[in-house]
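Shown next, in structure tokens, is the structure this report addresses.
One-based numbering, in listed order, for ligands and for the atoms of each.
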Amino acid sequence: MSSQRLLIRNGFVVSMDPDVGDIPNGDVLVEDGAIVKIERGLGVSGAEEIDATGMIVMPGFVDTHRHTWQTPVRGVLPCCTLDNYFAVMLGSVGGHYRPEDVHIGNYAGALEALNGGVTTLLDWSHINNTPDHSDAAIQGLKDAGIRAIYAHGVPTGGEWWSFSELNHPEDVRRIRETYFSSDDQLLTLALAARAPGNSNFEVAKHDWELARDLGIRISVHVGMRLTTVHVHHVKNLDDLGLLGPDTTYIHCTDSTDEELDLISETGGTVSIAPYVEMLMGHGPPPTGRLLNRGVRPSLSVDVVSSVPGEMFTQMRTALVHERIGAFTDTPDEAFAPTLTHKDVLEFATIEGARACALEDKVGSLAPGKQADIVLLKVNAINTAPMVDPLGTIVVFADTSNIDSVFVAGRAVKRNGRLVDVDVDGVIQKLEESRNHILSRGGLLPEWAAEPMAAV
Ligand SMILES: [Zn+2]
């Protein structure tokens, strides 16, 4: 945490907090990494001042599910099905990862997230082929300075993913003791669990008990449709009596109404990854079906093997998918969608924080919260002139507008550049890693293997 006082001056504050609201020409005072005051015309001396004129001052985005380790193979499956993805990524590619590939994947992936204004990332890490792989994943997140939930998963490989008889590795206990003895740090621990279907029933029971014994939250993929496996994951978990408010359910795309009711009744949270769900055919993002049950979802990127690693795409995809879902075949019935740009911005910020049980710390700007703050340049050619600030963020902005990013008051991006990062060096390591992994899987394009192909 930074001990300096920081005054962010004269920005358009979009707080996402109902009491603070939106404040044109607002100032935000930060002390010891936390927000102290948000007002107009704060008279403060002795603080480092940051001029936010022409910028929106907003909370950092929260991505509630990303397999960050896949960063070195970005784009390897730009248009695949979920069946392909399982066969290629978990069945082959993941097996070629060395610990150093996991490290650069998590480091570069977390930097990518920060660069795009994502200040909190749930790293759903199922690349734990050895304990060294786990250590490398955690180190990569630490090195990037992001706020992250490291969700410890199983190794890659088919035997872990289809009615698996293998319990979650006990190594998570060592990781809990070694890295996560305190819950009050930038990095926290969760269990990246498998529902029955991915595991068998006994294993699921074991894994849920393990997470609860460790006192950590659970994140689990459910309701994504594979051709070969037809399973009602949530129903199966309910049959085992395992549903609870400590669990985030990812996708829920092919989940039945009864299953969504069960999630709602047991206080679970949900992560939708709308781009990947529509691309790979997990099923339609269940945004409206969840809202009808009082469950406000969070959003996630999932995989940069197929999906852009920022939240603008997720917000826009969620918005237009849900709105066209309100279209009917009745010509004289007015088109009456209900989801708005404000909803999806909440999904990408405060609802993400809730899904990580971090809503007291992040997800909105308010006194007492951590200073996880994004300055978004709106006096730019793709965003000017501004009329509706929330509309500017959701409809027009992209990563090029992210001017500055702070995590607990510490600047990780300033004036459009990552702070203290050798970007060229990172890219070189990513390319070396890509070449190692994909050449073994027979997926490296010929041009990429040439010595000067640093593209
Ligand atoms: Zn996923």
Side-chain angles (χ1 to χ4, degrees), residues 62-71 73-78 80-91 93-94 97 102 105-106 109-110 112-113 118 120-128 137 148-158 160-162 164 168 190-195 197-199 207 217-226 229 231 233-234 247-255 268-286 297-311 313-314 317-318 347 352 355-356:
V62 180
D63 176 355
T64 52
H65 144 243
R66 184 184 309 203
H67 308 295
T68 323
W69 59 270
Q70 295 179 3
T71 312
V73 296
R74 180 195 305 287
V76 68
L77 297 169
C80 68
T81 65
L82 186 59
D83 291 342
N84 293 149
Y85 170 85
F86 262 73
V88 173
M89 193 60 65
L90 300 183
V93 168
Y97 267 67
V102 179
N106 266 23
E112 174 188 18
V118 175
T120 300
L121 175 67
L122 185 138
D123 174 32
W124 213 101
S125 190
H126 52 341
I127 188 68
N128 296 306
I149 298 91
Y150 170 70
H152 179 270
V154 299
T156 54
W160 291 93
W161 284 103
S162 186
S164 177
H168 195 101
L191 197 86
R194 298 157 300 162
N198 296 131
S199 67
D207 292 359
R217 286 186 59 81
I218 298 159
S219 178
V220 60
H221 292 77
V222 298
M224 58 285 174
R225 190 187 293 177
L226 282 163
V229 187
V231 187
H233 303 98
V234 178
T247 302
T248 299
Y249 305 88
I250 301 165
H251 301 312
C252 306
T253 34
D254 202 29
S255 298
T269 53
V270 172
S271 174
I272 295 178
Y275 186 97
V276 84
E277 289 157 4
M278 293 163 75
L279 179 84
M280 293 190 191
H282 296 52
S298 63
L299 296 176
S300 60
V301 163
D302 199 349
V303 287
V304 299
S305 54
S306 306
V307 177
E310 37 70 30
M311 299 302 278
T313 299
Q314 302 308 326
T317 310
F347 298 169
C356 299

Review point. Any chance the side chains of Thr269 and Thr248 put a donor and an acceptor closer than 3.5 Å?
Key: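 Short answer, yes.
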Review point. With no hydrogens and no angle check, is any side-chain donor or acceptor of Arg225 less than 3.5 Å from a backbone partner on Thr253?
Key: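 The answer is no, because no donor-acceptor pair under 3.5 Å joins these two groups.
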Review point. Which word best sums up how the rings of His251 and His221 line up, parallel for under 30°, tilted for 30 to 60°, or perpendicular for over 60°?
Key: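 His251 vs His221 ring planes: tilted.
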Review point. Taking the six-membered ring for Trp, is the centroid-to-centroid distance between Trp160 and His126 below 6.0 Å?
Key: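 No, the ring of Trp160 stays outside the 6.0 Å limit from the ring of His126, centre to centre.
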Check your understanding: Which of these, Ser199, Ser164, Ser162, sits in a side-chain hydrogen bond (donor to acceptor under 3.5 Å, both in side chains) with Arg194?
Key ->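 Testing each of Ser199, Ser164, Ser162 against Arg194, the sole residue satisfying side-chain hydrogen bond (donor to acceptor under 3.5 Å, both in side chains) is Ser164.
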**Study point:** Protein N, O or S atoms under 2.8 Å from the Zn ion (ligand 1)
**Key:**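 Considering protein N, O and S only, the Zn ion (ligand 1) has 4 within range.
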Point to revise | Evaluation steps, side chain to side chain donor-acceptor pair (under 3.5 Å), between His282 and Asp254 | key: CA-CA 7 Å; His282 296 52; Asp254 202 29; over 6 Å; no
